[in-house]
Amino acid sequence: MTKAQPQISLSVSPHLEPPDIEALRDWVRAFKVEEIECVTPDFAGIARGKVMPAAKFLRESEVRLPISIYFAVITGDYAEAPHPELHSDGDITLVPDIATARAVPWAGEASLQIIHDVVDRHGAPIPFAPRNVLRRVLDAYAARGWTPVIAPELEFYLTKPNTDPDYPLEPPVGRSGRQSTGSQAFSLSAVDEYDAVIEHIYDYAEAQGLEIDTIIQEAGAAQLEINMMHGDALRLADQVFFFKRLIREAALRCGCYATFMAKPMAGQPGSAMHVHQSVLDAQGRNIFTQEGGEASPLFAHYIGGMQKYLPAATALIAPYVNSYRRLVKFMSAPVNLEWGYDNRSTGLRAPRCAPDARRIENRVIGADANPYLAIAASLAAGLLGIEEQLTPRPPVEGGAYDHERDLPYSLLEAVDLLEECAPLGRLLGEDFVKLFVALKRFEHEQFMIVISPWEREHLLLNV
């Protein structure tokens with residue numbers, strides 16, 4: 001792996017206060033920005049949008065996209081839409097969230113990317129857009145005077161370039177000239193093997209004004225984890241959206257790939273997006289802790305809700321056929337929704353922390369999940385537990401792998417559970433659930449068309 005110099009077009013990311021078009025206009029002039037990328041996340045978390053000259057953007061030209069971006073599956077095909085208004089494939093309008101403006105440090109010229117919300121021709125928000133799905137859940141918390149606080153931990157693998165999907169992925173060659181073999185969790189020398197990529201990640205993050213808590217070596221071969229600071233759920237989802245693109249670009253600059261597949265390599269641990277969750281009241285107090293410092297009943301109800309409703313939400317936090325290859329025993333991933341204090345074998349972990357920082361960590365979410373949808377699903381499950389005053393199972397001491405599996409085994413099983421769960425549909429939006437379910441079933445049909453190497457190896461001459 002050769003070390004490359006980062007192509008940073010802007011040394012500082014805009015911090016627009018107040019976040020309005022006039023502040024952006026001044027910033028663009030000051031830094032001679034040439035292009036604006038108008039982006040919005042689709043169901044897969046892919047950045048869809050348009051690139052335009054900054055001058056045209058600042059004239060407040062209306063940016064439109066076809067609504068079909070929401071029934072495109074990961075293969076690039078289009079599923080049959082269950083919503084009649086989608087059949088005409090009319091336009092939706094992109095509305096910039098100026099506060100999300102960030103540099104594009106890998107671009108050849110000074111550029112900005114801005115996350116956009118989407119509205120219909122009447123100006124009403126598109127209910128099944130991922131940001132709006134998360135907002136819907138956050139509004140349900142706000143109605144109670146509460147604000148969720150989250151902290152994501154995002155795992156990913158570096159691999160050698162792979163242009164032929166028939167061949168397995170391999171770790172890249174590090175600075176020592178050797179490939180990683182894994183089992184080097186938290187090793188500083190293992191992190192140093194890929195210091196060129198990591199330096200690019202830090203440089204790009206600084207250019208975009210994104211704060212990194214830590215970067216560590218995980219258990220897999222060339223598997224890294226980036227931890228983010230805790231904060232507002234929507235803004236942290238935006239950061240994960242930005243970071244995925246940033247990390248891929250940093251890896252490409254250094255001659256390798258970065259992948260967020262849940263299980264990219266056989267025999268290696270999968271990649272998760274662990275999300276720490278707590279909730280503050282209107283006075284900024286953690287509702288999971290009572291005045292004396294003990295855990296509150298709301299903390300128990302929240303865990304109970306996650307245990308009851310996350311199985312039905314699994315399609316959102318493990319959204320691909322590959323996702324379920326990660327959720328197997330003894331591979332650093334949970335297989336159930338047991339909970340425990342500082343217990344990483346459980347799907348729900350209560351970390352050791354001060355009473356005012358009491359939180360629950362969802363360890364089921366895969367790195368392949370759309371951050372907006374995964375965070376919405378996890379927060380929705382907890383809120384339903386509070387609404388229904390659910391009681392969780394007792395905390396697990398010791399390993400949780402011998403407890404009964406309560407997570408779905410496959411994508412189709414997960415999709416069926418989501419479709420049948422009316423409480424989740426109410427919180428996430430019934431239109432969204434209908435469309436998401438239709439896309440996932442179509443995507444599974446596309447997967448079934450492909451014959452795998454395992455089938456050729458074991459069935460060709462034996463059956």
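Keep in mind that this is a model prediction, so the values were computed, not measured.
More than 12 heavy atoms of other residues, nucleotides or ligands shown are found within 6.0 angstrom of CD on Glu387. Sparse packing is recorded around OH of Tyr167, with 12 or fewer heavy atoms of other residues, nucleotides or ligands lying under 6.0 Å away. Other residues, nucleotides and ligands contribute over 12 non-hydrogen atoms within 6.0 Å of the CZ atom of Arg441. Around atom CZ of Arg352, no more than 12 heavy atoms belonging to other residues, nucleotides or ligands sit under 6.0 Å away.
In this structure, Phe43 and Leu439 have side chains that are in contact, with non-hydrogen atoms separated by less than 4.5 Å. For the pair Leu417/Thr314, no side-chain contact is recorded, criterion being any heavy-atom separation below 4.5 Å from C-beta on. Using a 4.5 Å heavy-atom threshold, the side chains of Met229 and Leu236 count as separate.
By the 30° and 60° cut-offs, the orientation of the rings of Tyr141 relative to Trp146 is tilted. Note on ring orientation: taking the six-membered ring where Trp is involved, the planes of Trp454 and His458 are tilted (angle from 30° to 60°).
Under the side chain to side chain donor-acceptor pair (under 3.5 Å) rule, His276 has a single partner from Arg359, Arg349, Arg363, His230, which is Arg359. Under the ring-ring contact (aromatic ring centres under 6.0 Å, His included) rule, Phe260 has a single partner from Phe156, Phe241, Tyr157, which is Phe156.
Here Gln239 pairs with nothing under the side chain to side chain donor-acceptor pair (under 3.5 Å) rule; sequence neighbours left out.
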Given the rule in the side chain to side chain contact (heavy atoms under 4.5 Å, CB included) test, do Phe447 and Thr75 qualify, once you have shown the distances and angles that lead to the verdict?
CA-CA 9 Å; Phe447 168 75; Thr75 63; over 6 Å; no
For Arg405 and Leu337: C-alpha separation, side-chain torsions, deciding distance, then whether side chain to side chain contact (heavy atoms under 4.5 Å, CB included) applies.
CA-CA 8 Å; Arg405 183 186 181 105; Leu337 292 164; over 6 Å; no
Could you go step by step and tell me if Val279 and Thr147 meet the side chain to side chain contact (heavy atoms under 4.5 Å, CB included) rule?
CA-CA 6 Å; Val279 181; Thr147 302; over 6 Å; no
Stepwise side chain to side chain contact (heavy atoms under 4.5 Å, CB included) test for Asn132 and Asp117
CA-CA 8 Å; Asn132 289 338; Asp117 290 308; 4.3 Å; yes
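Taking the six-membered ring for Trp and the full ring otherwise, Tyr324 and Tyr409 have centroids separated by 6.0 Å or more. When ring centroids are compared, Phe128 and Phe71 stay outside the 6.0 Å threshold.
Inspection of the Gln179 and Glu170 side chains reveals an N or O donor paired with an N or O acceptor under 3.5 Å.
Using a 4.0 Å cut-off between charged side-chain N and carboxylate O, Asp97 and Arg235 make a salt bridge.
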